[in-house]
Amino acid sequence: MSYQPVPTVRRRRLGSTLRKLRTEAGMTLDAAADALNAAANGSSDARRWTAPKLSRIENANATIRTTEVETLLRAYAVTDPGTRTALEGLAKDAGKRGWWQTYRGVVGPAYADYISLESDAESVRDYASLVVPGLLQTADYARETIAANAVARTASEVDALAEVRLARQAVLTRSCQPLRLWAVIHEAALRRRFTGRRGIMTAQLKRLLDVADWPTVTLQVMPIDAAPNPGDAGAFTLVAFPGPMPDVVTQENLRGPTYVEGVDDVNVFADAFGHIVDRALSTDATKALIAGLV
């Protein structure tokens with residue numbers, strides 16, 4: 001299986017954010033290149049800026065050094081220290097090797113991109129229609145659901161993918177700014193049973209009751225008798241980041257995750273999640289329902 005060593009999603013996020021900041025500064029590519037070259041003032045270590053070079057950076061087709069990010073932000077009159085720190089960190093980590101690359105034999109490029117997103121994220125809003133979100137799964141539940149959807153995988157590959165799914169959950173308990181998770185799970189996902197292995201679902205429900213009390217987790221259930229709502233169109237995940245980086249939406253299918261990255265398109269999903277939350281049970285009613293299913 002081929003694998004891209006560079007998490008291209010980081011480059012895309014950095015490039016799209018730099019394009020947004022340039023546009024907000026009212027500068028064309030040519031004007032920005034001229035301003036950057038004027039600011040360099042003939043320094044010996046300056047790399048000449050051109051409109052094509054800026055375009056390649058903004059379209060994630062070229063790398064950019066952290067010092068160059070600083071130069072761009074000065075040219076765009078961006079003074080917010082949080083923005084500077086976030087973008088310089090993104091440039092620094094564009095080629096960073098994550099723990100998931102140990103599993104590159106089973107983790108494809110699209111999935112690796114998603115894990116990279118999740119590890120950088122500040123918060124995740126997840127609507128799960130038929131399966132409990134991966135960040136909340138038990139080991140047995142993860143293994144069974146992966147095996148069901150990865151019919152071409154060997155048993156060892158299924159085990160490896162289950163290990164990856166469990167390792168991802170570390171973002172919820174990391175010591176520095178743990179990920180905030182807001183998950184809405186359809187009741188149908190909680191009523192599924194595993195033939196001959198009833199204990200799997202019981203343990204999974206108990207896991208949900210446990211994490212429902214975590215301060216960084218908000219858990220709701222969409223009841224089976226809920227009125228029609230945007231969740232009927234299927235599951236999706238909204239991933240949000242600190243600083244100026246735009247949110248990203250992912251949707252899962254048998255070939256792995258696909259991405260929605262345009263601001264207007266992402267806002268459609270953000271609005272949909274708000275409507276889904278309104279139709280779902282309250283957090284207290286959610287815990288009562290899950291407790292009744294154990």
Side-chain angles (χ1 to χ4, degrees), residues 4-101 109-110 112-124 171 174 176-177 179 238-250 259-267:
Q4 296 170 283
V6 175
T8 55
V9 70
R10 282 189 173 125
R11 282 189 184 173
R12 292 199 301 271
R13 288 166 51 213
L14 177 58
S16 63
T17 303
L18 290 174
R19 181 189 302 110
K20 177 176 178 288
L21 294 174
R22 175 180 58 77
T23 302
E24 290 175 348
M27 303 176 76
T28 64
L29 287 169
D30 286 322
D34 289 343
L36 290 163
N37 288 321
N41 197 26
S43 63
S44 58
D45 60 346
R47 286 167 40 176
R48 177 167 176 79
W49 292 92
T50 64
K53 174 183 174 179
L54 282 172
S55 179
R56 288 194 298 272
I57 290 170
E58 291 180 357
N59 287 290
N61 293 320
T63 59
I64 181 171
R65 300 179 305 211
T66 55
T67 54
E68 292 178 314
V69 170
E70 184 179 0
T71 301
L72 284 174
L73 295 182
R74 283 200 305 268
Y76 301 157
V78 177
T79 59
D80 177 57
T83 298
R84 182 183 302 272
T85 299
L87 293 182
E88 289 179 352
L90 202 57
K92 180 181 178 181
D93 292 342
K96 182 179 179 181
R97 292 182 61 83
W99 60 263
W100 52 90
Q101 294 190 12
D113 271 355
Y114 178 74
I115 300 173
S116 174
L117 281 175
E118 195 175 66
S119 67
D120 290 344
E122 182 176 68
S123 66
V124 164
V171 296
R174 61 193 177 196
C176 181
Q177 297 179 326
L179 181 80
L238 276 153
V239 188
F241 309 92
M245 275 79 74
D247 296 352
V248 176
V249 172
T250 68
Y259 298 97
V260 177
E261 298 183 75
V263 174
D264 291 341
D265 291 333
V266 169
N267 285 340

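Just so it is clear, the structure is predicted and the values come from calculations on it, not from any experiment.
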Validation row: [X], [Y] side chains within 4.5 angstrom (heavy atoms):
X    : Y    : result
L117 : Y259 : yes
V248 : V260 : no
V124 : L238 : no
D80  : L73  : no
V249 : V239 : no

Inter-residue atom distance [X].[atom1] - [Y].[atom2], 0.5 Å rounding:
X    : Y    : atom1 : atom2 : value
I64  : E70  : CD1   : CD    : 11.0 Å
E122 : F241 : CD    : CZ    : 10.0 Å
Q177 : S123 : CD    : OG    : 11.5 Å
I57  : L72  : CD1   : CG    : 6.0 Å
S116 : W100 : OG    : CH2   : 5.0 Å
N37  : T50  : CG    : OG1   : 8.0 Å

R56 (side chain) donor-acceptor with N61 (main chain) under 3.5 angstrom: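 Judged by distance alone, no pair lies under 3.5 Å.
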Main-chain N/O of A51 paired to S55 side chain as donor or acceptor, under 3.5 Å: no
List the steps and the verdict of side chain to side chain contact (heavy atoms under 4.5 Å, CB included) for L36 and T71. CA-CA 7 Å; L36 290 163; T71 301; 3.4 Å; yes
Residue pairs involving residues 239-249 (criterion salt bridge (charged side-chain N to carboxylate O under 4.0 Å, His left out); sequence neighbours excluded): R125-D247
Are any of the side-chain nitrogens in K53 or E68 under 4.0 Å away from the carboxylate oxygens of its partner?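 Salt bridge flag = yes for E68 with K53.
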Could you pull out the closest heavy-atom pair between [X] and [Y], with the gap in Å?
X    : Y    : answer
R84  : V78  : NH2-O, 3.7 Å
V171 : E118 : CG1-O, 4.1 Å
A32  : R22  : CB-CD, 3.9 Å
A35  : M27  : CB-CE, 3.7 Å

